[in-house]
Peer 1: 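Got a structure for you, written out below as structure tokens; questions coming shortly.
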Amino acid sequence: MDQDPAFTRPETLAFKARRTSFARVLMLNALLTLMTLGIYRFWAKTRVRRYFWRNIRFLDDPLEYTGTGGELFVGFLIVIAILFPLGLIYSAIGAVVPPDHPELEIGLEIAYYIVLFALLQIGFYRMWRYRMSRTAWRGVRFGLDGSTWSYLRLSAGWSVLCALTLGAAYPWMQIDLWRYQVRHTRLGDQTFRFDGDARKLVLYWLPVFAAIVINVGVAVWAAITYGIDTVIRIGTLAPEEREMLMTIIGGTLIADIIGVFGYLYYRIRQTRLQISGLRFAEARFHSRLGFWRLFLFGLLAAVLVLAMFAVIIGLIAPSVYPEFLSMRRGSVDQGILGNLFLSGAALFIAAVIVSPFVWTLLFHFEVIKQTVRTTTIDNPHVLEHAAQSSAQGPRTGEGLADALDIGGF
């Protein structure tokens with residue numbers, strides 16, 4: 001007998017979102033963000049997350065996002081209240097550094113970047129903790145335990161090793177940090193595991209590593225040959241030396257192009273490994289995420305954004321540039337300031353509103369769609385046994401992530 005459709009086993013993972021409905025969400029977000037001078041962006045993030053969460057279904061039930069824009073806004077204000085005094089202290093110390101002690105200035109810059117690095121790592125981990133604590137499935141919450149400081153120490157140690165090895169340790173760093181996140185991530189009262197091996201990524205990282213080594217080698221050779229502060233004028237060089245230098249520059253450029261494309265492909269393979277190594281009790285995850293579809297959508301989004309800016313600049317440049325020159329000469333014609341203001345407003349809207357809209361609608365949407373649709377799970381019903389946890393999540397949102405502009409939506 002044929003199986004009754006009413007008892008058909010539900011699809012393990014499904015993505016139900018549509019670009020048309022998502023475009024309406026983005027357009028409303030853009031309008032309200034513009035009207036509130038950017039304040040609404042915290043609530044806009046929340047609307048986008050709720051849209052994606054409810055359109056990702058696991059065993060025929062959607063995920064649920066319980067975070068609020070108010071939590072993100074309060075978290076942002078708290079962190080700004082901390083970062084602003086730190087910025088004042090940094091500026092004050094820099095102002096009193098004697099000009100004849102460059103080593104003190106270098107030390108201050110190093111300390112600044114160390115603090116910035118630490119804040120980025122703390123912000124990233126706390127961002128992940130907040131999002132997990134505000135995600136639920138069938139009423140059971142996700143969560144993230146572990147220590148922010150332990151994650152920071154782990155990240156700092158790997159970053160030093162990456163610098164010493166010119167990036168050779170990068171795949172191991174990424175997988176080890178992901179492993180720390182995963183083994184402290186839980187659904188209800190049960191935690192996930194990760195069994196991935198970074199050695200599977202070495203082959204895909206080689207083009208990027210080769211590009212790094214070539215660039216560092218060329219920089220060291222140029223510093224030894226011509227000096228650090230020397231300005232090289234190709235026209236004054238001997239023909240043989242000029243030809244050699246152009247060959248080196250061309251070879252470095254080709255290596256960089258290969259390195260950029262290699263990094264994009266590496267990121268896809270890393271994501272596949274990160275998903276395929278996930279375990280939850282007897283449940284095993286697998287990913288078949290592909291490269292070319294995402295690459296083409298990203299390329300299309302980039303071309304559209306660049307074309308938009310080219311059109312805007314082409315329209316405003318013939319009328320604005322002569323007026324700008326007249327202002328520099330001291331003669332201000334009527335309407336110049338108005339034209340400049342309108343031109344600046346057009347570029348601002350294109351950069352802050354339209355470009356993110358195009359990029360999110362085309363590329364980010366496709367990334368989430370393909371990630372969900374290419375992921376399969378063995379023994380998915382094991383996840384139904386997770387019981388609710390009594391652990392409490394953070395009360396405020398992703399303050400550091402918002403203040404430092406990391407993590408997207």
Peer 1: Does the distance from a Lys or Arg side-chain N to an Asp or Glu carboxylate O, for Arg134 and Glu64, drop under 4.0 Å?
Peer 2: no

Peer 1: Does one side chain, of Gln121 or Tyr125, offer a donor that lies under 3.5 Å from an acceptor on the other?
Peer 2: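 Checked: Gln121/Tyr125 side chains show no N/O donor-acceptor pair below 3.5 Å.
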
Peer 1: Name each donor-acceptor pair under 3.5 Å that joins a side chain in residues 250-259 to protein atoms two or more places apart or in another chain, with its distance.
Peer 2:
residue : atom : partner : partner atom : Å
Thr252  : OG1  : Ile248  : O            : 2.8
Asp256  : OD1  : Asn215  : ND2          : 2.5

Peer 1: Considering residues at least two apart in sequence or located in another chain, which fulfil the side chain to side chain donor-acceptor pair (under 3.5 Å) criterion with Arg47?
Peer 2: Asn29

Peer 1: Ser133 side chain to Tyr130 main-chain N or O, any donor-acceptor pair under 3.5 Å?
Peer 2: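 Between the backbone of Tyr130 and the side chain of Ser133 there is a qualifying donor-acceptor contact (under 3.5 Å).
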
Peer 1: If you take the centroid of each ring, where Trp contributes its six-membered ring, are Tyr265 and Phe295 closer together than 6.0 Å?
Peer 2: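 Not close enough - the centres of the two rings lie 6.0 Å or further apart.
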
Peer 1: Apply salt bridge (Lys or Arg N to Asp or Glu O under 4.0 Å) to Asp378 and list each qualifying residue two or more places apart in sequence or on a separate chain.
Peer 2: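 Partners of Asp378 by the salt bridge (Lys or Arg N to Asp or Glu O under 4.0 Å) criterion come out as none, since no residue qualifies.
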
Peer 1: Sequence neighbours left out, what pairs pass salt bridge (Lys or Arg N to Asp or Glu O under 4.0 Å) with at least one residue falling in residues 267-286?
Peer 2: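 Applying salt bridge (Lys or Arg N to Asp or Glu O under 4.0 Å) to every pair that reaches into residues 267-286, excluding sequence neighbours, yields Asp195-Arg279.
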
Peer 1: Checking Arg50 against Tyr65: is there a side-chain donor and acceptor pair closer than 3.5 Å?
Peer 2: no

Peer 1: Does any pair with a residue in residues 164-180 pass salt bridge (Lys or Arg N to Asp or Glu O under 4.0 Å), and if so which ones, sequence neighbours excluded?
Peer 2: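 Applying salt bridge (Lys or Arg N to Asp or Glu O under 4.0 Å) to every pair that reaches into residues 164-180, excluding sequence neighbours, yields Asp176-Arg179.
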
Peer 1: Centroid-to-centroid, Tyr204 to Tyr266, below 6.0 Å?
Peer 2: no

Peer 1: Of all residues at least two apart in sequence or in a different chain, which pass the side-chain contact (heavy atoms from CB on, under 4.5 Å) check with Ala350?
Peer 2: Met308, Phe309, Ile312

Peer 1: Taking only residues two or more places apart in sequence or in another chain, which ones pass side-chain contact (heavy atoms from CB on, under 4.5 Å) with Ser276?
Peer 2: Ser287

Peer 1: Do the rings of Tyr180 and His184 sit parallel, tilted or perpendicular, given the 30° and 60° boundaries?
Peer 2: tilted

Peer 1: Not counting sequence neighbours, which residues clear side-chain contact (heavy atoms from CB on, under 4.5 Å) with Ala14? List them please.
Peer 2: Glu11, Lys16, Arg57

Peer 1: Is there a donor-acceptor pair under 3.5 Å between the side chain of Trp128 and the backbone N or O of Thr185?
Peer 2: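 No; zero donor-acceptor contacts below 3.5 Å.
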
Peer 1: Which word best sums up how the rings of Phe192 and Phe142 line up, parallel for under 30°, tilted for 30 to 60°, or perpendicular for over 60°?
Peer 2: parallel

Peer 1: Does Thr36 have any side chain to side chain donor-acceptor pair (under 3.5 Å) partners at least two apart in sequence or in another chain, and if so, which?
Peer 2: none

Peer 1: If you look only at distance, which donor and acceptor atoms sit under 3.5 Å apart when one is on a side chain in residues 76-87 and the other is two or more places apart or in another chain?
Peer 2:
none

Peer 1: Under a plain distance cut-off of 3.5 Å, with no hydrogens placed, do Ser150 and Arg153 share a side-chain donor-acceptor pair?
Peer 2: yes

Peer 1: Holding to side chain to side chain donor-acceptor pair (under 3.5 Å), I want the full list of residues that pass it with Trp221, two or more places apart in sequence or in another chain.
Peer 2: Thr225

Peer 1: Assert yes or no for the condition that the ring centre distance of Phe297 to Phe363 is strictly below 6.0 Å.
Peer 2: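 No, they do not, as the ring centres are separated by 6.0 Å or more.
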
Peer 1: Tell me every residue that passes salt bridge (Lys or Arg N to Asp or Glu O under 4.0 Å) with Arg19, counting only those two or more places apart in sequence or in another chain.
Peer 2: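 Residues passing salt bridge (Lys or Arg N to Asp or Glu O under 4.0 Å) with Arg19: Glu366.
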
Peer 1: Using the benzene-type ring in the case of Trp, are the ring centres of Tyr263 and Phe209 under 6.0 Å apart?
Peer 2: no

